[in-house]
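One structure below.
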2 protein chains.
Amino acid sequence: MAATPPLHRSSDADTRRRIIRATAALLQQQGYESTSVKRIAGAAQASPSSVYHFFPGGKQELAIEAMHHGAREFGEMLAEGLASAADPAEATAACALLLADDLKQSEWSDGCPVAVTALETIGRVPGLQEAATQALTQWQSLVTAKLTESGIAPAAARSLAGTVISMLEGAELLSRVTADDTPLRDAAVHLGQLVRAAPRV
Amino acid sequence: MAATPPLHRSSDADTRRRIIRATAALLQQQGYESTSVKRIAGAAQASPSSVYHFFPGGKQELAIEAMHHGAREFGEMLAEGLASAADPAEATAACALLLADDLKQSEWSDGCPVAVTALETIGRVPGLQEAATQALTQWQSLVTAKLTESGIAPAAARSLAGTVISMLEGAELLSRVTADDTPLRDAAVHLGQLVRAAPRV
DNA sequence: CACTGGTTGGAACGTTCGATCCAGAGTGTC
DNA sequence: GACACTCTGGATCGAACGTTCCAACCAGTG
């Protein structure tokens, strides 16, 4: 598979990365069904042939890889928010505010990289649903780690971390649909309250 | 427009209602883009001509009406949950549990009648986005009323009600995607905590 | 300089989409 | 019985979809 050393001009892997990035961006903005392969190719400055050359599995395979890419990016943002304060309550609230700022800056267009695509394809594109589950689980683990580090009991931390992700997803949905960051800002306040009230070991 | 009294056999309005119901069900399950007019007609035991006869605005108009229908139904379920207990904390928790049971019973297929469709069409079908905003606002008002009735300060109640809707939406998303009702059950617990801690007048 | 193998552009495939059209069925009015 | 009207079944439209195909292209090797 990797028999030949990559002596190429690097255009190869570059094109592949451009395609994934373009796909991730479009999925985040308009979901799976509204995003055509032709449009992806256009946004990535590539031709449809290149898309199918690098992703023989077609749109599905491409979407799965793009979702992994988006999940990693979103995870980094989450980690940044969680690291912004020692106190876990402040940290989780910061995540919601970070999301609110980013979302507003993109004029409510760059939402969660998983939500729309996952909801659209539930039960119909198993690979995508699996990738989405992985992403959500990974994010929950990030939050769980922060909560346990701060002295919250492990069982409570896991459950609370799930609720943090739920709240972020839901508030982002409301904010995008209503084009108003109030839901995310309220979520920040209430997440802080919840974490502060969590039982410590 | 309504010059003639409705002396018909009632088959007219019946077909129309069947179409709306079928559309609402399909939108709830698979969203806007994956739902074709032909499939709607099939599910409603009608012909494509009938769909365009009753909804000259085409798929968009139909989807908007279907979303209003779904919003009303979901609102009734919410009202049922809220009325199931005098204590507002228990009542909101009951809503989450009601959702969890319904969702599980449909094998994670019948989700929120607004979420997927609204997310898919943000910024591209303004009428749908407006209908979704109406639905979310209306649900929030239901929760706000219950909270203020129970002695929670009006400003806190409005904000908290928004968070309740965010949490329900988010937890339902996680539950559907992961095919596991844990997120909704955890949401019930945490929503109860949040409401219990709300400031009273 | 031919040759090889990965990469690309663009045309083309069959299918399905939303939407339109029209002949006719059904019903109530004179 | 003739007419007006709303409603329906099914064929049909052009456009767009995901995908395939193939001829050209290009760098590296002998």
Side-chain angles (χ1 to χ4, degrees), chain A residues 1-20 22-23 26-27 30-67 117 120-121 124-128, chain B residues 1-20 22-23 26-27 30-67 117 120-121 124-128:
Chain A
M1 203 178 290
T4 348
L7 295 177
H8 299 287
R9 264 250 331 282
S10 88
S11 162
D12 308 3
D14 227 49
T15 304
R16 192 180 200 279
R17 196 161 28 234
R18 275 207 319 278
I19 292 174
I20 287 191
T23 307
L26 288 170
L27 287 188
Q30 35 175 13
Y32 185 77
E33 301 290 350
S34 306
T35 300
S36 77
V37 176
K38 215 161 262 182
R39 173 119 190 246
I40 290 173
Q45 290 178 281
S47 105
S49 331
S50 298
V51 174
Y52 284 93
H53 173 72
F54 289 108
F55 306 92
K59 195 184 178 183
Q60 296 194 10
E61 179 188 349
L62 177 50
I64 292 172
E65 292 238 26
M67 188 172 283
T117 303
E120 273 182 302
T121 58
R124 288 182 301 136
V125 187
L128 267 178
Chain B
M1 205 176 290
T4 347
L7 296 176
H8 299 287
R9 263 252 332 281
S10 89
S11 163
D12 309 3
D14 228 49
T15 304
R16 200 184 130 92
R17 196 161 27 234
R18 275 206 318 277
I19 293 174
I20 289 191
T23 307
L26 288 170
L27 287 188
Q30 37 176 8
Y32 185 78
E33 302 290 349
S34 305
T35 300
S36 77
V37 176
K38 213 162 264 181
R39 173 121 190 244
I40 290 174
Q45 289 178 281
S47 108
S49 330
S50 299
V51 174
Y52 284 94
H53 173 73
F54 288 109
F55 306 92
K59 194 183 177 183
Q60 295 194 11
E61 180 188 348
L62 178 50
I64 292 172
E65 292 237 28
M67 188 172 284
T117 303
E120 273 183 303
T121 58
R124 289 182 301 137
V125 187
L128 266 179

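In what follows, chains carry the letters A, B, and so on, assigned in the order in which the sequence lines appear, proteins first and then strands, with residues in each chain numbered from 1.
Taking atom CZ of B:F55 as the reference point, atom P of D:dC7 lies 12 Å away to the nearest angstrom. In this entry the distance linking CZ of A:F54 with C1' of C:dT8 reads 9 Å, nearest Å. Rounded to an integer number of Å, the gap from B:H53 NE2 to D:dT8 C1' is 9 Å. C:dT7 atom P lies 13 Å from atom CZ of A:R18, rounded to whole Å. One atom, CG of A:D14, and another, P of C:dT8, lie 10 Å apart when rounded to the nearest Å. As a whole-Å value, the separation of A:I40 CD1 from C:dT8 P is 16 Å. As rounded to whole Å, 15 Å separates atom P of D:dT6 from atom CZ of B:R16.
Shortest non-hydrogen contact noted between A:T117 and A:G31 is OG1-CA, 3.9 Å. Contact between B:A44 and B:R18 at its shortest, heavy atoms only, is O-NE, 2.8 Å.
Note on A:S50: a side-chain N or O is less than 4.0 Å away from OP1 or OP2 of C:dT8.
By the side-chain contact (heavy atoms from CB on, under 4.5 Å) test, B:F55 is found to be paired with B:R16, B:I19, B:I20, B:E61, B:L62, B:E65, residues two or more places apart in sequence or in another chain being considered. Legend: residues meeting side-chain contact (heavy atoms from CB on, under 4.5 Å) with A:L26, ordered by chain and number and at least two apart, are A:Q29, A:Q30, A:T35, A:R39, A:I40, A:A43.
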Would you list the protein and nucleotides 13-18 of chain C atom pairs, both N or O, that sit under 3.5 Å from each other?
residue : atom : partner : partner atom : Å
C:dG18  : OP1  : B:T35   : O            : 3.3
C:dG18  : OP1  : B:K59   : NZ           : 2.7
C:dG18  : OP2  : B:V37   : N            : 2.9

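In this structure, the side chain of A:K59 engages the main chain of A:Y32 through a donor-acceptor pair within 3.5 Å.
Across all strands shown, A:S49 has heavy atoms under 4.0 Å from base atoms, whether or not it also approaches the sugar-phosphate.
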- Message: Is there a side-chain contact (heavy atoms from CB on, under 4.5 Å) between A:Q60 and A:L128? Walk through the geometry before answering.
- Response: CA-CA 8 Å; A:Q60 296 194 10; A:L128 267 178; over 6 Å; no

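With hydrogens and angles left out, the side chain of B:S47 and the base of D:dG10 share no donor-acceptor pair within 3.5 Å.
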